[in-house]
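Remember, it's a predicted structure, so these values are computed and weren't measured experimentally. Numbered from 1 within each chain, the chains take letters A, B, ... in sequence-line order.
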Amino acid sequence: MHPFPIDLYAYNNRLRDAHPAEKILFAGLTMLICLIASSPLVAVLALACVTVAVVRVAGIPLRAFWYFVRLPAGFIVIGVLTLAVTTVDPAGPQTLLALPVGPWHIGVVESSLARAVQVASVSFACVASMLALALTTPMVDLTDQLRKWRVPQLFIELMVLMYRFIFVFIETAQAMYIAQNARLGYSNWRRSLRSAGMLAANLYLRSQSRASLLFTALTARGYSGELRVLTAQPTWSRRNLILIACVESLLLLTTVATWWGAFV
Amino acid sequence: MSIDPTRSHAPGATPPPGVQDTEGEAAARHNGPRIVARRPEEATPAAAPPVLAAEAVTFAYPDGTVALHDLSLQLPQGLRVAILGANGCGKTTLFLNLNGILRPTSGTIVHNGEPIAYDRQSLRELRRRVGLVFQDPDSQLFAASVRQDISFGPLNLGWSEEVARAKVEQVIADTNLGELVDRPTHMLSYGQKKRVAIAGVLVMEPDVIIADEPTAGLDPETTARVLDLLDTLHDAGRSIVISTHDVEMALAWADHAIVLGRGHLLAEGPPATVLSDEHLLREAGLLPPLVVEAYRQLRGAGLLPASAPVPRTVEDLTALLVRHAKPRLAADSPPE
Ligand SMILES: Nc1ncnc2c1ncn2[C@@H]1O[C@H](COP(=O)(O)OP(=O)(O)O)[C@@H](O)[C@H]1O
Ligand SMILES: [Mg+2]
């Protein structure tokens, strides 16, 4: 299997050739509005818009999108639990749940629950926006666009090399794992620990030798401190821009409406 | 060696005048891609001036390993040269010295008659003219897409974007990489990576391409494709130098062979001569090609005359047998 299925979708979706700036704009604005609004309503609306964009416009199966959105769910839930659960006064009017632990009570109050729901919904909306970008935009396009926006070269070069090396490492690690497994390196708990340690140490040594090989090979092609490559020249799409404007306006209006509601 | 009219040549190569479509060529077409010797004219390495030469080069790695010992050799202009040797004999080290990445501990590298200089400007020019293709394409390809990777060299040479773009597209067309250009490098097969690595060097328009073990680890079909690609580059007038331990391939493909053993030069000359010297090959840690072994045994059995030239491919050997052994066997067998 491909070690990184997000990458496969990035190269095979209906927005593959759309201007990367459009996709960055969409994901970026959506995230920004969600963060500023900090409202579950806006977040849920954003989540819906992003899902429609990914599934209907980009043609990525809903199941696949859901699979990737779910991956960080564990982190979000754990993070949010610590917000929801606090020490409570069992007799307080806002207390929804209280469990005695020694001399204290821990449980959930209305305000802590609201905060948890808010953080969880905003987090999911932001994760989904990022994923929408990652699932529709190949890394090349992202770095191309960042180059055009004059993001510092060092930052982009690190991105390029890390991206390239992720695959080299995964392949190397997979090959080593298979080789160890074939010699029963993972047949019990102790051996597994030992084998995994050896794998990690070897991977480190190999990455060093890889890096020096890469440097040699780049030198042979005239490398003099800057990884310059030609960038593609994508075109803007009127339809996409209009869609982006509609979605972001909707989110913005909802945000204003929630603020209005809070003030009235 | 004289020109043998029955000798095969690759489909597409211009046959010498008067040469008919031979069995060898037909077989080569029917059996799909395979390595076929192509010799429109006999190479005369002595006459060609060397494009690169090593003069008394000794190279020691920082840890004290002496990888090249007082090595003097010449890479003739415009030929296909195979540098043969067992693992660890110093092929890669030699190539890194030829491209100016490593600097000889003593001795000099000579490029087009001039000792190479190691200042920035000279090295940049040397690396443009002497293209080095690394053995492991994963160590050479760094960019996220094929087209980007190929564009790396031209931009380093300071060419303008338009010129670089035009050259990149030209090379993509020349190397038949059209359908791969927008793919990420990590989604390519090993053989495709090899071809992209060659394209990334070719785009800098070198006069000599040095490929470190370009066919190691490739299946026969991909090997033939890579050699075909190198042949195309050679037809465009470039010198091609490869390192290998595949004696069969070197015998069939190269115009000139150089054998290294433990950092020493063991022999250089026409492949048919060098690669039929069993003693020499064993000293280098190699075995003679099968077709040469068969030829030797057939000669020993009296089926081939001592004057028969050393065959470079199975087709060559068949042609020899048809010419020399068939009449003899026909004469020996009693008439019915
Ligand atoms: N970076 C290095 N440091 C020390 N010794 C090396 C290094 N690279 C290669 N060698 C040694 O130099 C010799 C020649 O290696 P190499 O040029 O890679 O041979 P080949 O390419 O023919 O297999 C070997 O003995 C090898 O162990
Ligand atoms: Mg080597």
Minimal heavy-atom distance between B/Phe142 and A/Leu218, with the atoms involved, is CD2-CD2, 3.5 Å
Taking atom CZ of A/Phe215 as the centre, does the number of heavy atoms from other residues, nucleotides or ligands within less than 6.0 Å exceed 12?
no
For the student: nearest non-hydrogen atoms of A/Leu214 and B/Leu141, plus distance
CD1-O, 4.5 Å
How are the rings of A/Tyr163 and B/His186 set to each other: parallel, tilted or perpendicular (split at 30° and 60°)?
perpendicular
Quick one: closest heavy-atom pair of A/Ala217 and B/Ser139, and the distance?
CB-O, 3.3 Å
Identify the residue among B/Asp149, B/Leu132, B/Asn99 that makes a side chain to side chain contact (heavy atoms under 4.5 Å, CB included) with A/Arg221.
B/Asp149
Work out which heavy atom in B/Asp182 is nearest to a heavy atom in A/Tyr11; give both atom names and the distance.
O-CE2, 3.6 Å
Around atom CZ of A/Arg16, are there more than 12 heavy atoms of other residues, nucleotides or ligands at under 6.0 Å?
yes
Over 12 foreign heavy atoms within 6.0 Å of CH2, A/Trp189:
no
Would you mind checking which part of A/Glu157 comes under 4.5 Å of any heavy atom in chain B, side chain (CB onward), backbone (N, CA, C, O), both or neither?
neither
More than 12 heavy atoms of other residues, nucleotides or ligands under 6.0 Å from CD of B/Glu114: is that the case?
no
Contacting moiety of A/Phe165, where chain B heavy atoms sit under 4.5 Å:
neither
Mind checking the CG-CD spacing from A/Leu230 to B/Glu162? Nearest 0.5 Å is all I need.
10.0 Å
Could you pull out the closest heavy-atom pair between B/Asn156 and A/Tyr223, with the gap in Å?
ND2-N, 3.6 Å
For A/Met159, is the CE atom crowded, meaning more than 12 foreign heavy atoms sit under 6.0 Å from it?
yes
Taking side chain as C-beta onward, heavy atoms only, is A/Arg164 less than 4.5 Å from B/Thr185?
yes
Quick check on the structure: residues of residues 47-76 of chain A within a heavy-atom distance below 4.5 Å of chain B, by number.
none
What I'd like to find out is whether the side chain of A/Leu8 reaches to under 4.5 Å of the side chain of B/Met187, using heavy atoms alone.
yes
In terms of heavy-atom pairs under 4.5 Å with chain B, which of A/Leu161, A/Val140, A/Val160 leads?
A/Val140
Examine whether an atom of B/Pro184 lies under 4.5 Å from a heavy atom of chain A, and if so say whether it belongs to the side chain, the backbone or both; otherwise answer neither.
both
Using a 6.0 Å cut-off, check whether atom OH of B/Tyr118 has over 12 heavy atoms from anything other than its own residue.
yes
So for atom CZ, which belongs to A/Arg194, do other residues, nucleotides or ligands contribute more than 12 heavy atoms lying within a distance under 6.0 Å?
no
Contact class of B/Ile101 relative to chain A, heavy atoms under 4.5 angstrom
side chain
Please flag which part of B/Arg120 lies under 4.5 Å from any non-hydrogen atom of chain A: side chain, backbone, both or neither.
side chain
State, yes or no, whether a side-chain contact exists between A/Leu213 and B/Gln135 at a heavy-atom distance under 4.5 Å.
no
Counting only non-hydrogen atoms closer than 4.5 Å, does A/Arg228 touch chain B with its backbone (N, CA, C, O), its side chain (CB onward), both, or neither?
both
With only heavy atoms counted, which part of B/Val168 is less than 4.5 Å from chain A, the side chain, the backbone, both or neither?
side chain
